[in-house]
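Naming convention: chains lettered A, B, ... in sequence-line order (proteins, then strands); numbering from 1 in each chain.
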Amino acid sequence: MVQITLPDGQIRAFDAAPTGLALAEGIGKGLAKAAVAMRVDGVLMDLTRTIERDAQVAIVTREQPAALEILRHDAAHVLAEAAKELYPDVQVTIGPAIENGFYYDFARDTPFTPDDLARMEERMREIVDRDEAIVREVWDRHEAIAYFKSIGEHYKAQIIEELPADDVITIYRQGNFVDLCRGPHLPSTGRLGKAFKLMKLAGAYWRGDHRNAQLQRVYGTAWASDKDLKAYLTQLEEAEKRDHRRLGREMGLFHQQEEAAGMIFWHPKGWRLYRTLESWLRGRLDAAGYVEVKTPQLVDRKLWEASGHWEKFRENMYIAENEAGVKAYAEDPRERIFALKPMNCPCHVQIFNQGLKSYRELPLRLAEFGSCHRFEPGGALHGIMRVRNFVQDDAHIFCTEDQIISESTAFCALLLGVYRDLGFADVFVKLADRPPQRHGSDAVWDKAEAALKAACEASGLPYVLNPGEGAFYGPKLEFTLRDTIGRDWQCGTLQVDFVMPERLGAWYVAEDGQKHHPVMLHRAILGSFERFIGILIEHYAGRLPLWLAPTQAVVATITSDADAYAGEVAALLRARGMRVDADRRNEKINYKVREHSLAKVPVLVVVGKREAEERTVSLRRLGRPDQETLPLADALAALAAEARVPEGGEGAPAAAAA
RNA sequence: GCCGACGUAGCUCAGGGGUAGAGCAACUGAUUCGUAAUCAGUAGGUCCGCGGUUCAAAUCCGCGCGUCGGCACCA
């Protein structure tokens, strides 16, 4: 006798242990049809398994979020079955469910082609039509290893060999396809449905390690219904429309070309946007007690050796020398040679080191919009988001150990204010604490980690721990923001550094009259201007807030009767600090509206004969079909007020004065 | 760096061993028009680069560069 308690409290009794399927059938046909798996005392299980003991059981249906992962995992298995049928020489490895879909990694000498992708997808649909039963079996470990080896599935055999000794080895069989898997799975392939699509081919390393063999990964997406699949594909199209590379071109912001791969040619409009962001942020830093500096691009190897970069990161550094220098260096590696800076910190320490510092001068916050060059691997480059030359909104705070907490708190407040004003309210933090290999005493680490935690708490920032992921030189906070379409971007960082000041000989004289090394806080809010502007473009889909928009308004005429007036209106707006163009071309107003809308100009000031005579303007906002007509003076005042940069009251740290 | 795909006019893309194509943009002219494309005409090319095969290469092959999607990397 088995008693099963359903989620609504109903209890059902069975003489013999029923399967989940039987239970679902008993409750209702509709439920049985939509069933994907079941939860037995909270544990997800196959519907084909029997419920042996009294338990709380809930049937998971395909509409529920938990079902998606099972569907996607099944899709991966069906893909693997299809691949094995079509290409007997493939070896299967792993195939998990992922966000929005699944993938499967195959080992095969001949690469898959896009045609293979189409064939596999077609075969997958056939397998769904076959409605093969998916059967769970428990196997002996040695038998399983021997079996997979015997059919040439060496990766699978290896996976089983490396499973913990007490793990139960479960095998799932569907048709002729047998795979090691933890489950749970659907009762049969037919239940997968056909709301899936194979998306792309990619290379991926076995176990994610580039020293291992490269496998062929097939990505797919899978959903509970065709409607969901379609919605997802539409969403992908929408995301493509906000791609910063496309918008950057359409809005005339920048371009890139192969003679300077990984670098950016900023056009007038793009540079206007860049400068607006830069000068606004500079104001914030000034108000927060930072002092701005500028340090050399090209620095002697000796400094990079002292900082440790030459040893660890030389492969990613650009050597910049004249011919004689390169020749001398080739003949004698002790010769002087220069490298472009990949980071600003060693240079900032040089400024700190000029003149002996007193504890009274701390904290000293040295800020620099520092242009850095890093030789990033070709495959990593991505538009203006991942480049080889970028400008960090960098600063280094030299302080005492006791000041870490107040400085970190002030920084969190500053950062949150900046993000908020730029339109990002959704921010989370990861605290990366001490790694196994590290520098500095446990007591100092305790203090620094506690300070970072306290700073998060004081700023109302929830943090998650990222254990052991701190740098060898100190713990760090990593600030991630979420954009309108739910993507996460790690931008800000705050790193405590106990090592660099020591390596580069930074000292201050404390109250006790003794020399001590200061603590260095490396910090950035945007991370890099280039990447952040890319994020802004995608976040706003090009429709930047008025204060950031490179062209804030275009005064467009309807007929040439309004030409003189349009010039006057544009000049008046410019006199109020706005970035304005006048469009007096002999084109229809429809044409102008369309063109400036596509160029994402936030405000269109339309003037015709009537406006010129009445000294009014007609305002049309980007993306809105309506318009308002108002007296020129009112419009000037309103637009100028609206275009003002955010003051960021609550974001600015009160404790700014140093 | 690795795997795969791609590279044709300013942009989006078609073509695929035998004279280089379209739409939009540009230019010229006409049109003075009320809120997302006015009409007509003209011009525009190292088909990414270098080598090879061929009577003939944008097209086929090799190498390189770049871009895209992943993977690895991101101090």
Side-chain angles (χ1 to χ4, degrees), chain A residues 98 103 105-106 108 110-117 199-219 240 243 245-246 249-250 252 255-262 304 307-317 341-346 372 374-383 385-388 390 471-473 476 490 493 495 497 500 522 527-528 531 556-563 584-599 604-611 618-629:
Chain A
I98 52 171
Y103 68 76
D105 284 348
F106 298 103
R108 187 186 186 219
T110 356
F112 289 128
T113 65
D115 286 343
D116 292 327
L117 206 65
M199 303 295 281
K200 52 201 173 194
L201 290 165
Y205 299 105
W206 167 238
R207 304 222 148 131
D209 189 328
H210 69 277
R211 289 165 301 193
N212 290 342
Q214 188 151 38
L215 308 171
Q216 296 185 61
R217 178 170 296 179
V218 178
Y219 280 97
E240 207 181 306
D243 189 309
R245 291 164 300 195
R246 174 194 178 120
R249 190 181 54 243
E250 287 173 1
H255 87 271
Q256 297 175 282
Q257 64 186 52
E258 69 177 271
E259 287 81 357
W304 305 118
S307 68
H309 290 98
W310 192 258
E311 189 198 349
K312 286 190 89 168
F313 307 113
R314 189 172 146 193
E315 284 187 356
N316 297 302
M317 288 169 68
K341 66 174 170 186
M343 307 186 83
N344 304 301
C345 35
C372 297
R374 297 178 186 174
F375 185 78
E376 302 284 0
L381 301 179
H382 177 85
M385 301 269 212
R386 186 87 183 263
V387 286
R388 288 177 172 151
F390 53 91
F472 74 92
Y473 51 76
K476 58 185 174 187
Q490 201 231 299
T493 181
Q495 307 184 10
D497 186 348
M500 187 80 71
H522 306 249
S528 103
R531 178 161 174 272
T557 53
I558 292 173
T559 67
S560 52
D561 292 336
D563 280 2
R584 283 172 285 208
R585 291 174 303 170
N586 177 12
E587 293 291 351
K588 291 194 169 181
I589 193 61
N590 282 308
Y591 181 89
K592 295 184 185 182
V593 166
R594 176 179 156 82
E595 196 171 87
H596 299 302
S597 298
L598 289 174
L604 213 55
V605 183
V606 178
V607 293
K609 198 171 174 187
R610 199 158 65 221
E611 285 81 1
S618 163
L619 299 184
R620 184 194 166 103
R621 305 296 175 138
L622 178 60
R624 294 238 312 257
D626 57 324
Q627 61 239 231
E628 53 172 345
T629 302

Is a side-chain donor or acceptor of Gln216(A) paired with a backbone partner of Arg108(A) at a separation under 3.5 angstrom? yes
U8(B) and A57(B), which share atom name C1', separated by this distance in whole Å: 14 Å
Closest to the side chain of Val593(A), out of G66(B), A36(B), G70(B), is A36(B)
Select one nucleotide: of G34(B), C73(B), U67(B), the one nearest the side-chain heavy atoms of Arg610(A). G34(B)
Watson-Crick or G-U wobble partner for C71(B), using a 3.5 Å limit on both distances? G1(B)
Report yes if a side-chain nitrogen or oxygen of Asn590(A) is closer than 4.0 Å to either non-bridging phosphate oxygen (OP1 or OP2) of A36(B); otherwise report no. yes
So do the side chains of Lys200(A) and Leu117(A) get within less than 4.5 Å of each other, counting heavy atoms only? no
Side-chain touch Arg211(A)/Tyr205(A), heavy atoms, less than 4.5 angstrom: no
Whole-Å distance separating the CG atom of Asp105(A) from the C1' atom of A72(B): 13 Å
Base partner of G29(B), which must satisfy Watson-Crick or wobble distances under 3.5 Å: C39(B)
By nearest atom, which of the nucleotides C73(B), G70(B), A5(B) is closest to the Ala380(A) side chain? C73(B)
Tell me which nucleotide among G1(B), U32(B), G70(B) gets nearest to the side chain of Thr559(A). U32(B)
Would you mind telling me which of A75(B), C33(B), U35(B) lies closest to the side-chain atoms of Lys588(A)? C33(B)
Should C50(B) form a Watson-Crick or G-U wobble pair with both distances under 3.5 Å, which nucleotide is its partner? G62(B)
If we call it a pair only when both distances are under 3.5 Å in a Watson-Crick or G-U wobble match, what pairs with G17(B)? none
Out of A36(B), U35(B), G69(B), which has the shortest distance to the side chain of Ser597(A)? A36(B)
Can you tell me the distance, in whole Å, between the NE2 atom of His596(A) and the P atom of U35(B)? 16 Å
Look through every strand shown and name the nucleotide pairing with G45(B) as Watson-Crick or G-U wobble, where both distances are under 3.5 Å. none
Where the side chain of Lys609(A) is concerned, which of G34(B), G4(B), C71(B) is the nearest nucleotide? G34(B)
Both Ala471(A) and Ser618(A) contact RNA chain B. Taking the nearest nucleotide for each, which residue is further toward the 5' end? Ser618(A)
Parallel, tilted or perpendicular: rings of Phe106(A) and Phe112(A) (30°, 60°): perpendicular
Lys/Arg N to Asp/Glu carboxylate O, Asp209(A) vs Arg207(A), below 4.0 Å: no
Phosphate-side-chain proximity, Arg245(A) and C68(B), N/O vs OP1/OP2 below 4.0 Å: yes
Does Thr557(A) contact U32(B) through a side-chain donor or acceptor facing the base, at a distance under 3.5 Å? no
Return yes if the base of G70(B) and the side-chain atoms of Tyr205(A) contain a donor-acceptor N/O pair under 3.5 Å, otherwise no. no
At under 4.0 Å, does any side-chain N or O of His210(A) touch on OP1 or OP2 of C3(B)? no
Which base sits across from C11(B) as a Watson-Crick or G-U pair, both distances under 3.5 Å? G23(B)
Protein-nucleotide distance (Glu250(A), atom CD; A36(B), atom P), rounded to Å: 19 Å
With the side chain counted from C-beta on, respond yes when Thr629(A) and Arg610(A) share a heavy-atom pair under 4.5 Å apart, and no when they do not. no
Spacing of Arg386(A) atom CZ relative to A72(B) atom P, expressed in whole Å: 12 Å
Given atom OH of Tyr591(A) and atom P of A37(B), what is their separation to the nearest angstrom? 11 Å
From CZ of Arg621(A) over to C1' of A36(B), roughly how many Å is that when rounded to an integer? 18 Å
Quickly work out the Ile98(A) CD1 to C71(B) C1' distance and round it to whole Å. 13 Å
Looking only at side-chain atoms of Ala261(A), point me to the closest of A75(B), G70(B), G66(B). G66(B)
Quick one: His382(A) NE2 to U67(B) C1', roughly how many Å, whole number? 12 Å
So, OP1 or OP2 of U12(B): does either fall under 4.0 Å of a side-chain N or O from Arg249(A)? yes
